[in-house]
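Structure first, then comments.
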Amino acid sequence: MAGYVCTIAGGKGGVGKTTTAVNLGAVLQEMDYDVAVVDADLGMANLGSMLSVEPEKSLHEILAGEAAVSEALTDAPGGLTVIPGEQSLEAFADADPAKLRKVIKTLRNAYDVVLIDTGAGLSHEVAVPLGLADGIVLVTTPDNVAVGDTVKTAQLANRIDGTVLGAIINRATRHTDVASIAEQMEFPLLAVIPDDPQATTEEPLVLNAPESTAADAYQRLTEALEGVFFRGESPEVDMETILDDEWFRDDTEDHSDVDDDEDSGGVFGIFN
């Protein structure tokens, strides 16, 4: 059976698409699935540098017709297999995004899950991975511009018959208005990932700082997505938003009188 292809996308750069792909992949790998992560951000590739790996060949060389997929497969922390890209303008100019289709077809026949990390914006190189995916996970930060760009990315995906599973809000704090952001989305809110400045900067976070709140969020999100990837579950029907009030509480505060019932706003009650 062919593997599941999930594209990680978002309209704005720097929102955490690569971090999300790496951590979802690492958790799935720990769950005994064979996972490949592809850096399809052709203009600003950073998967290799994030994981401190140096591939023999890059995705750019594959897309330029100068290498085979097998030559670019690179071992990464946590047992992941990755295909990093290059950062030079010359490599970007020579890469043909249309050839990504053949790359993903090859990988889906060899791996249980293929995660495609994309670039920002609404370009052709972004549209191609959206159209190749079985499901698309959108990533945004609470920033208004990032949220708006994420909605536009979803609209682009819909125009090319892509399937948007939902979005995650990355780097959220206790002051993030989650409810307001969710109202702007015409798709499920899958998870809220807390901003965790005390966590390690070494990725995958779930392996290097497993006790951190952000790692907990990625772990729970991946466990929920397993049902979507492999059992045909629907995010809208079978998933609740991954969000825990405790991730956002200040340990120095007294919460003995906090009531998490409906009157206090439930899990969204702290975001005000």
[X] with [Y]: basic N within carboxylate O range, under 4.0 Å:
X	Y	value
Asp41	Lys17	no
Arg220	Glu223	no
Asp143	Arg171	no

Is there a donor-acceptor pair under 3.5 Å between the side chain of [X] and the backbone N or O of [Y]?
X	Y	answer
Thr241	Leu243	no
Thr176	Val178	no
Ser58	Gly85	no
His60	Asp94	no
Ser70	Ala68	no
Ser180	Asp177	no
Thr81	Asp75	no

pair Lys12-Val145: side-chain heavy atoms closer than 4.5 Å: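 Touching, per the 4.5 Å side-chain cut-off.
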
Non-hydrogen side-chain atoms of Leu225 and Leu24 separated by less than 4.5 Å: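 The answer is yes, as the side chains (C-beta and beyond) meet within the 4.5 Å cut-off.
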
Under a 3.5 Å threshold, yes or no: a donor from one side chain and an acceptor from the other, between [X] and [Y]?
X	Y	result
Thr213	Asp196	yes
Asn23	Glu203	yes
Asp117	Thr18	yes

Measure the spacing between [atom1] of [X] and [atom2] of [Y] and express it to the nearest 0.5 Å.
X	Y	atom1	atom2	answer
Ile136	Thr153	CD1	OG1	9.5 Å
Asp34	Gln29	CG	CD	5.5 Å
Asp39	Leu115	CG	CG	12.0 Å
Ile104	Asn109	CD1	CG	11.5 Å
Leu130	Leu138	CG	CG	8.0 Å
Glu202	Leu207	CD	CG	11.0 Å

Return the minimal non-hydrogen interatomic distance between [X] and [Y], and the atom names on each side.
X	Y	answer
Pro84	Val53	CG-CG2, 4.2 Å
Thr141	Ala146	OG1-CB, 3.5 Å
Ile242	Ala224	CD1-CB, 4.3 Å
Ala214	Leu205	CB-CD2, 3.3 Å
Ile169	Pro142	CG2-CG, 4.0 Å

Any link between [X] and [Y] through a network of hydrophobic side chains (Ile, Leu, Val, Met, Phe, Trp, Tyr) touching at under 4.5 Å?
X	Y	result
Val164	Val151	no
Ile160	Val126	yes
Met31	Leu221	yes
Leu165	Phe230	yes

Stepwise side chain to side chain contact (heavy atoms under 4.5 Å, CB included) check, Glu226 with Arg231: CA-CA 8 Å; Glu226 181 191 18; Arg231 296 191 293 275; 4.0 Å; yes

Worked verdict on Tyr111 versus Tyr33 for ring-ring contact (aromatic ring centres under 6.0 Å, His included): CA-CA 8 Å; Tyr111 292 88; Tyr33 294 105; over 10 Å; no

Heavy atoms of other groups near Gln184 CD, more than 12 under 6.0 Å: yes

Stepwise side chain to side chain contact (heavy atoms under 4.5 Å, CB included) check, Ile168 with Val192: CA-CA 6 Å; Ile168 71 171; Val192 178; over 6 Å; no

